[in-house]
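Every value quoted in this text rests on a predicted model; they were computed, and no experiment measured them.
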Amino acid sequence: MDFSNFNGAEQAHMTKVLEKKQMQDFMKLYSGLMERCFMTCVNDFTSKSLTGNEITCVQNCTDKFLKHSERVGARFSEYNAEQMQQAGP
Amino acid sequence: MDFSNFNGAEQAHMTKVLEKKQMQDFMKLYSGLMERCFMTCVNDFTSKSLTGNEITCVQNCTDKFLKHSERVGARFSEYNAEQMQQAGP
Amino acid sequence: MDFSNFNGAEQAHMTKVLEKKQMQDFMKLYSGLMERCFMTCVNDFTSKSLTGNEITCVQNCTDKFLKHSERVGARFSEYNAEQMQQAGP
Amino acid sequence: IRLDRDGANIDPAKMEIATAELDMITDVFNRLVTSCHAKCIAPGNSTRYAEGELLKGEAVCIDRCTAKFFAVNKLVSERMQTMGGTAQVTGSFGR
Amino acid sequence: IRLDRDGANIDPAKMEIATAELDMITDVFNRLVTSCHAKCIAPGNSTRYAEGELLKGEAVCIDRCTAKFFAVNKLVSERMQTMGGTAQVTGSFGR
Amino acid sequence: IRLDRDGANIDPAKMEIATAELDMITDVFNRLVTSCHAKCIAPGNSTRYAEGELLKGEAVCIDRCTAKFFAVNKLVSERMQTMGGTAQVTGSFGR
């Protein structure tokens with residue numbers, strides 16, 4: 001995204017839009033992660049409480065998903081920077 | 001959700017937001033239910049009309065999904081009420 | 001959708017809503033199609049570049065999905081027209 | 001009641017209902033595309049996407065799948081009215 | 001600060017946060033319905049939807065599934081705070 | 001044309017396009033995260049989530065998966081332009 005041809009008011013507006021979108025994204029990432037780890041790790045419904053194995057699995061699943069998402073984000077940024085440079089001045 | 005620190009105008013605003021959201025939720029539930037029951041029950045494409053078995057399956061699927069969703073909703077409300085009480089005064 | 005009981009201002013408003021929705025729809029169709037063809041066609045991660053087979057598969061997947069979506073759209077229009085006629089004057 | 005530039009009335013409630021109806025139609029259409037793609041295109045192909053054309057059998061399947069999808073739509077909608085689904089479902093949200 | 005018809009203050013930031021919270025609750029509820037449906041209703045049925053009632057075993061499963069879903073919700077939420085997840089995740093978007 | 005508090009112009013059409021572009025980027029990013037998670041993390045694990053670290057093989061897979069995803073993005077986008085996809089697709093909606 002290139003906002004350089006935006007005036008001050010337009011940049012301020014887009015910053016607000018971006019902030020709202022980032023909050024929504026974070027919530028969606030959170031609930032998506034939770035659903036995914038629940039579906040993968042929890043398979044025993046003979047009791048109401050999580051087993052020790054399920055707890056470990058959910059914690060690892062969460063850690064791994066966040067690291068995965070961070071790594072993909074890094075590659076995504078590099079790619080966008082490259083694209084910007086090729087389009088550049 | 002605790003709206004007790006909202007003034008009258010703010011409560012009225014949130015009530016409108018809530019009503020709109022409930023309508024959207026209902027539509028999403030409806031189309032999700034329909035897609036799910038279609039995918040599960042309809043597997044024969046040698047004709048344009050539903051077979052007797054397919055009709056029964058779709059009706060049962062709909063009934064069961066609504067009852068499921070109702071039961072989950074009841075547990076969800078209980079949980080939220082508990083959480084509210086623990087946070088409470 | 002029947003806009004015949006809308007006045008000029010209301011029709012103009014809905015036309016804008018429709019245009020925005022069509023742009024969003026197109027983007028969603030695009031990204032959905034891309035995800036689907038990626039998931040189906042790309043299964044080898046021993047290298048960074050697409051193989052010849054993967055490229056052919058993605059192109060065919062894209063072509064086929066667009067033709068599929070076009071055909072479904074045609075049936076959908078016919079169905080809506082029928083429904084409108086049955087409701088009609 | 002809002003006035004547009006030309007002074008004509010725009011009824012916001014009417015606009016909201018029309019927009020919701022449009023959202024609903026779009027949602028149903030998207031699910032129709034996805035469902036019939038899964039039923040007619042994806043599975044039968046052991047050689048995945050060997051061609052970009054719709055095969056004869058796929059085209060026939062799409063037409064039947066679409067017709068059955070509309071029938072299910074009608075069936076579910078009737079069923080939910082019989083069960084008083086609307087009240088139950090939105091009521092079950094616990095708000 | 002906006003004034004409504006009666007002259008009362010509406011704080012837009014407060015409204016935005018409340019709306020986001022509502023969206024979050026709805027999203028979690030919808031995922032709960034879908035997940036427990038997949039765990040308790042869909043798979044155990046070899047004869048697909050032979051009846052429209054919830055079977056005894058299904059009802060018990062729903063209650064336990066819901067309890068476990070809330071426990072996972074709490075676990076993941078704590079885990080993300082420990083990892084400073086918020087900063088990492090939104091920061092990783094590269095904007 | 002709208003004026004903000006400081007009297008500067010805000011072009012609504014420009015804002016709408018920028019917002020749509022942002023939505024698009026977010027949507028693609030989310031699908032990228034999901035797709036490469038399915039390809040690189042989920043399936044290879046017979047012992048499901050025995051550790052919270054990314055394994056060496058997973059990290060390498062993520063990098064390649066991401067590169068291939070961008071290549072598919074480019075391929076599909078070119079293909080749709082060749083087919084005049086835009087017109088066909090939005091035109092097929094029957095409105």
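- Listed in order of number, the residues of residues 37-45 of chain A that approach chain F to under 4.5 Å between heavy atoms are A:Thr40, A:Cys41.
- Under the 3.5 Å distance criterion, the side-chain polar atoms of A:His68 are matched with a main-chain donor or acceptor of F:Val33.
- The distance from atom CG of F:Asp23 to atom CD of A:Gln24, rounded to the nearest 0.5 Å, is 8.5 Å.
- The aromatic rings of F:Phe70 and A:Tyr79 lie parallel to each other, with less than 30° between the two planes, well short of the 60° mark.
- Between A:Asn5 and F:Lys14, the shortest heavy-atom distance links the atoms O-NZ, 3.2 Å.
- Of the two parts of F:Ile62, only the side chain, counted from C-beta on, holds a non-hydrogen atom closer than 4.5 Å to a non-hydrogen atom of chain A.
- Smallest separation of non-hydrogen atoms from A:Lys28 and F:Asn30: NZ-ND2, 4.3 Å.
- Heavy-atom proximity under 4.5 angstrom to chain F picks out A:Cys57 from residues 51-59 of chain A.
- At least one side-chain heavy atom of F:Thr34 sits less than 4.5 Å from a side-chain heavy atom of A:Arg36.
- Partners of F:Arg31 by side-chain hydrogen bond (donor to acceptor under 3.5 Å, both in side chains), not counting sequence neighbours, listed by chain and number: C:Ser31, C:Glu35, F:Asp27.
- Among A:Thr62, A:Asp63, A:Asn60, the residue with the largest count of heavy-atom pairs under 4.5 Å with chain F is A:Asn60.
- The pair A:Lys64-F:Glu58 meets the salt-bridge criterion, with a side-chain N (NZ, NE, NH1 or NH2) lying under 4.0 Å from an Asp/Glu carboxylate O.
- Between A:Met14 and F:Ala18, the shortest heavy-atom distance links the atoms CE-CB, 3.6 Å.
- Partners of A:Tyr30 by side-chain hydrogen bond (donor to acceptor under 3.5 Å, both in side chains), not counting sequence neighbours, listed by chain and number: E:Asn73.
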